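Reading through the C-alpha cells given below for one structure.
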Amino acid sequence: MKYQSGPDQIPAMLLKISAPAIANPVATLINESLATGYIPKLWKTARVVPIHKSGDITLVSNYRPISLLPVMSKVLEKCVYTQLRDYYQYWNYLTPDQSGFRPNHSTTTALLKVCNDIQAGMEQGNLTGAIFLDFAKAFDTVDHGILLEKLKNSGIGDRTLTWFQSYVSDRSQYVSISGSSSLPLPVTCGVPQGSILGPLLFTIFINDLPNVCKASTVHMYADDTVIYTSKPNLPQLEAVLQEQFTEVEKWSKNSKLFLNTDKTVTMLFGTAPKLHKLQNPHLCVGTKSNGTLTTVTSLKYLGMWLDPNLSFGPHIKKLSSKLYPKLGALYRNKSCLSPAVRKQIVQQMLMPAIDYGDVVYAAAPQTHLHKLTTLYNSFCRFALQCNYMTHHCDMLKELNWPSLESRRTLHLSSLVFKSISGKLPPYLNRLLPPAAPSSYNLRSRTSTLLAIPQYKKTVARSSFSYRAPQLWNNLPDTIKSSPSLKSLKSSLLTYLNTECTCKHVT
C-alpha cells in the first residue's frame with residue numbers, strides 16, 4: 001500500500017481488515033475496536049503461569065512467568081502489527097542498527113556485523129573499545145506516555161494514537177497456579193508480555209538510542225545493546241567512550257529506563273601484540289554515580305563468548321564443556337535408544353549448539369576448531385555405536401552427514417546467496433559489494449563475483465567481509481547460479497561430498 005502524507009496515515013489502514021479468512025463476527029468486533037479506538041478490558045487481562053526453571057521450587061526467582069493473553073486480543077494485534085510494521089518499513093523509520101524482531105535479521109547477523117567491525121579495526125592497527133549495556137527489565141519498564149509520544153513523532157495520527165492509548169492503558173494481570181488464581185493487579189508500564197505488538201513497540205521505543213551516539217557505532221538486538229568505536233590508542237578510546245556513555249545515561253534517564261551500571265561492562269579488543277604493549281589493558285569509563293564500569297576479558301554476547309583477540313577459543317571451550325556431559329548422559333542410556341532415535345537426538349539436540357554462529361567462529365585457529373571436530377566424531381560414534389578406531393570419514397559416509405568444515409562452508413555460502421537475493425540486513429549487504437568488472441575472470445562472467453578486501457593481517461582475514469567473498473568466488477559457476485537457496489544447498493552438498501583426503505582425526 002502507498003502511504004499518503006498527512007497526520008492520520010495509519011487509521012485509514014487500521015479501519016480495514018485485510019484478512020478475509022477472519023470470521024464475520026470476529027471481523028465486526030475488530031472493526032469496531034479500530035473505529036472507536038477502544039479495546040475491551042477483558043482483552044487486556046493476562047493470565048500469568050509460573051514455569052519452574054531449575055533449583056529450589058520454593059524460590060520465586062527460580063520460576064519463569066509466562067503471560068497468556070486472550071485469543072481475540074492476539075487476532076486484533078496481528079491486524080495492527082502487520083500494518084504498523086509495513087508503515088515503519090515503508091518510511092524507513094527503524095534504525096538499521098536494530099536486529100531484533102525484524103525479517104532477515106538474527107543474532108547471527110548481529111554477531112557478524114559487530115565482529116567484522118572489530119576485526120576491521122584490528123586491520124588498521126587500532127584498539128576497539130566496547131560498552132555492553134544492561135537495561136534492567138527493559139520490556140517491563142517502558143513508559144506509556146513516552147511510547148505514545150514517539151509514535152506521534154513518527155507520523156502516527158490522533159485517531160490511531162487513541163487506539164494505542166487504549167491498548168497500553170487499563171491493563172491487568174493475575175497469577176494462576178495449581179488451579180488457584182490471584183486477584184488481578186494493574187499493569188501501569190511496560191509492553192505486554194506474550195503479545196504480538198509488544199516487541200515492535202519496544203523496538204520503536206528504543207529506536208532513537210543510536211542518535212545520541214554520533215561518535216561511535218551502536219548495535220542492538222532488542223535490548224541487548226553494544227556501543228563500540230576504534231581508535232589508535234587507549235586515551236583517545238576512553239575519551240570517546242566516556243562521552244558516549246554519558247549521553248547514553250542521559251537518554252536512559254529521559255526515557256525512564258533503568259541502566260544497571262553494575263552489570264554494564266566494557267571490553268577492550270585488539271591484536272595480541274597491540275594489547276601486549278599496553279601496561280594496563282583496561283578501559284576506564286565513569287558513571288554519573290562516580291563509579292567505574294567493570295572491564296572484562298570474556299563476555300557472552302548473543303549466545304557467543306567473545307575474547308579480546310576474537311580467537312573464539314573461550315567460546316569453543318565452553319561449548320565443548322557443555323556438550324560433553326550431555327553426550328555422557330546419552331551414552332549411559334544408549335540401551336534405551338534405537339539407532340534412528342540416536343541419530344535424531346544428535347541432529348536435533350546436539351548439533352544446533354555447534355551450528356549456532358559457526359559462520360562467525362569458522363576462521364578460528366585450527367587448535368580450537370579441532371576440539372569441535374573431535375566432539376563431532378564422538379557424536380557420530382554415539383549415533384552408530386561404533387568403536388574408537390573407526391575412521392571419521394567412514395562414519396560420515398554411513399550417516400550421510402557432511403563434515404563440520406563442509407557444514408560451515410554450506411552455512412556461509414547460504415548467507416552470501418541470501419545477500420545477493422536481498423535477504424540479508426543492509427549492514428551485511430554492504431560488506432559484500434560486487435567485484436569491479438575489470439577483475440572478472442572471462443570464464444566467470446555468467447555469475448556474480450564479489451570484491452575481496454585487501455587485508456594483510458590474519459585476524460582481518462577471519463572477518464565475514466573477507467571470508468565470504470573469497471569462498472563464494474571459488475565456487476563453481478553452476479553452484480553460484482543456482483535458482484534457489486534449496487538448490488544451492490543441494491548442489492553444494494554434492495560438490496563437497498568428495499573422497500576423503502584428510503588425516504585421521506579421532
Side-chain angles (χ1 to χ4, degrees), residues 99 107-122 126-135 216-221 223-231 234 237-238 241 245 259-285 287 291-326 353-372 374-375 457-460 462-464:
S99 292
T107 53
T108 297
T109 64
L111 281 164
L112 283 171
K113 167 66 164 62
V114 173
C115 290
N116 196 94
D117 288 348
I118 295 172
Q119 289 161 330
M122 293 181 188
N126 291 336
L127 294 169
T128 299
I131 304 176
F132 295 86
L133 305 179
D134 183 271
F135 293 104
S216 61
T217 302
V218 177
H219 203 85
M220 301 179 287
Y221 189 90
D223 61 330
D224 283 310
T225 304
V226 59
I227 303 169
Y228 57 96
T229 189
S230 297
K231 295 295 176 184
L234 195 57
L237 194 58
E238 289 180 333
L241 289 178
F245 186 67
L259 184 61
N260 190 341
T261 54
D262 292 334
K263 294 184 178 180
T264 296
V265 298
T266 64
M267 193 167 178
L268 186 62
F269 298 91
T271 60
K274 185 80 173 180
L275 293 175
H276 184 71
K277 291 179 181 179
L278 299 176
Q279 292 183 346
N280 183 21
H282 179 90
L283 285 169
C284 184
V285 179
T287 68
T292 303
L293 297 180
T294 302
T295 297
V296 297
T297 55
S298 67
L299 175 80
K300 191 176 186 180
Y301 173 62
L302 299 181
M304 180 162 289
W305 286 90
L306 304 181
D307 59 280
N309 311 127
L310 289 188
S311 70
F312 300 104
H315 175 74
I316 292 174
K317 181 179 179 180
K318 290 180 182 292
L319 183 59
S320 299
S321 63
K322 181 179 74 172
L323 291 178
Y324 270 119
K326 292 184 178 180
I354 291 182
D355 287 340
Y356 175 72
D358 63 353
V359 292
V360 182
Y361 68 74
Q366 284 300 318
T367 51
H368 298 322
L369 294 177
H370 179 81
K371 297 176 183 177
L372 291 182
T374 302
L375 178 61
K457 295 183 179 179
T458 302
V459 66
S462 300
S463 65
F464 173 75

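Remember, it's a predicted structure, so these values are computed and weren't measured experimentally.
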Exercise for the section: Please say whether more than 12 non-hydrogen atoms of neighbouring residues, nucleotides or ligands are located less than 6.0 Å from NZ in Lys231. Expected result: no
Exercise for the section: Kindly determine whether His368 and Phe312 satisfy side-chain contact (heavy atoms from CB on, under 4.5 Å), including the steps that lead there. Expected result: CA-CA 8 Å; His368 298 322; Phe312 300 104; over 6 Å; no
Handout entry: Residue pair Leu369 / Ala364: nearest heavy atoms and the distance that separates them
Key = CD1-O, 3.4 Å
Exercise for the section: Please round to the nearest 0.5 Å and tell me the distance separating atom NZ of Lys326 and atom NZ of Lys322. Expected result: 5.0 Å
Exercise for the section: Please say which of Leu302, Asp358, Val359 ends up in a side chain to side chain contact (heavy atoms under 4.5 Å, CB included) with Thr108. Expected result: Val359
Exercise for the section: Could you tell me whether the side chain of Leu372 reaches within less than 4.5 Å of the side chain of Leu319, counting heavy atoms only? Expected result: yes
Exercise for the section: Please report the shortest heavy-atom distance between Ser230 and Asn126, naming the atom on each side. Expected result: CB-CB, 4.0 Å
Exercise for the section: Run the numbers on Asn309 and Thr271 for side-chain contact (heavy atoms from CB on, under 4.5 Å), then give the verdict. Expected result: CA-CA 6 Å; Asn309 311 127; Thr271 60; 5.7 Å; no
Handout entry: Donor-acceptor under 3.5 Å (Asn116 side chain, Phe464 main chain)
Key = yes
Problem - Side-chain heavy-atom pair Thr264, Ile131 within 4.5 angstrom cut-off - result: yes
Practice task
Search all heavy atoms of Leu323 against all heavy atoms of Ala353 and return the closest pair with its distance.
Solution key: CD2-CB, 4.0 Å
Problem - Leu375 and Ile354, any side-chain heavy atoms less than 4.5 Å apart - result: yes
Practice task
For Lys457 and Met122, indicate whether the former's side chain and the latter's backbone hold a donor-acceptor pair under 3.5 Å.
Solution key: yes
Exercise for the section: May I have the step-by-step check of side-chain contact (heavy atoms from CB on, under 4.5 Å) for Asn280 and Leu234, ending in yes or no? Expected result: CA-CA 10 Å; Asn280 183 21; Leu234 195 57; over 6 Å; no
Practice task
Give a yes-or-no answer on whether the side chains of His219 and Thr225 include a donor-acceptor pair shorter than 3.5 Å.
Solution key: no
Handout entry: Any donor-acceptor N or O pair under 3.5 Å, side chains Thr287, Thr261
Key = no
Exercise for the section: Quickly, which of Leu268, Leu275, Val296, Ile118 forms a side chain to side chain contact (heavy atoms under 4.5 Å, CB included) with Pro308? Name it, please. Expected result: Leu275
Handout entry: Side chain proximity check, Leu133 to Ile227, heavy atoms < 4.5 angstrom
Key = yes
Practice task
Report yes if some heavy atom in the side chain of Leu306 is under 4.5 Å from a heavy atom in the side chain of Phe269; otherwise report no.
Solution key: yes
Practice task
Would you check if there is a donor-acceptor pair between the side chains of Asp224 and Tyr301 at a distance under 3.5 Å?
Solution key: no
Handout entry: Ser311 side chain to Tyr361 side chain, donor-acceptor N/O pair below 3.5 angstrom
Key = no
Problem - 4.5 Å side-chain heavy-atom contact, Val265 and Thr295 - result: no
Problem - Steps toward side-chain contact (heavy atoms from CB on, under 4.5 Å) verdict (Val218, Val226) - result: CA-CA 6 Å; Val218 177; Val226 59; over 6 Å; no
Practice task
Any chance you could measure Lys113, atom NZ, to Ser99, atom OG, to the nearest 0.5 Å?
Solution key: 9.0 Å
Exercise for the section: Check for a donor-acceptor pair, side chain of Asp134 on one end and backbone N or O of Leu259 on the other, with a separation under 3.5 Å. Expected result: no
Problem - Donor-acceptor pair, side chain of Asn260 and main chain of Phe135, under 3.5 angstrom - result: no
Practice task
State, yes or no, whether a side-chain contact exists between Val285 and Glu238 at a heavy-atom distance under 4.5 Å.
Solution key: no
Completion exercise
Heavy-atom closest pair (Leu237 atom, Gly129 atom, distance to 0.1 Å) is CD2-N, 3.4 Å
Practice task
Can you see which heavy atom on Tyr356 is nearest to which on Gly303, and at what distance?
Solution key: CE2-O, 3.8 Å
Practice task
Verify whether one side chain among Thr229 and Ser216 offers a donor that lies under 3.5 Å from an acceptor in the other.
Solution key: no
Exercise for the section: List the atom of Leu310, the atom of Gln119, and the distance in Å for their closest heavy-atom pair. Expected result: CD1-CG, 3.7 Å
Problem - Heavy-atom check, side chain of Leu127 versus side chain of Lys274, under 4.5 Å - result: yes
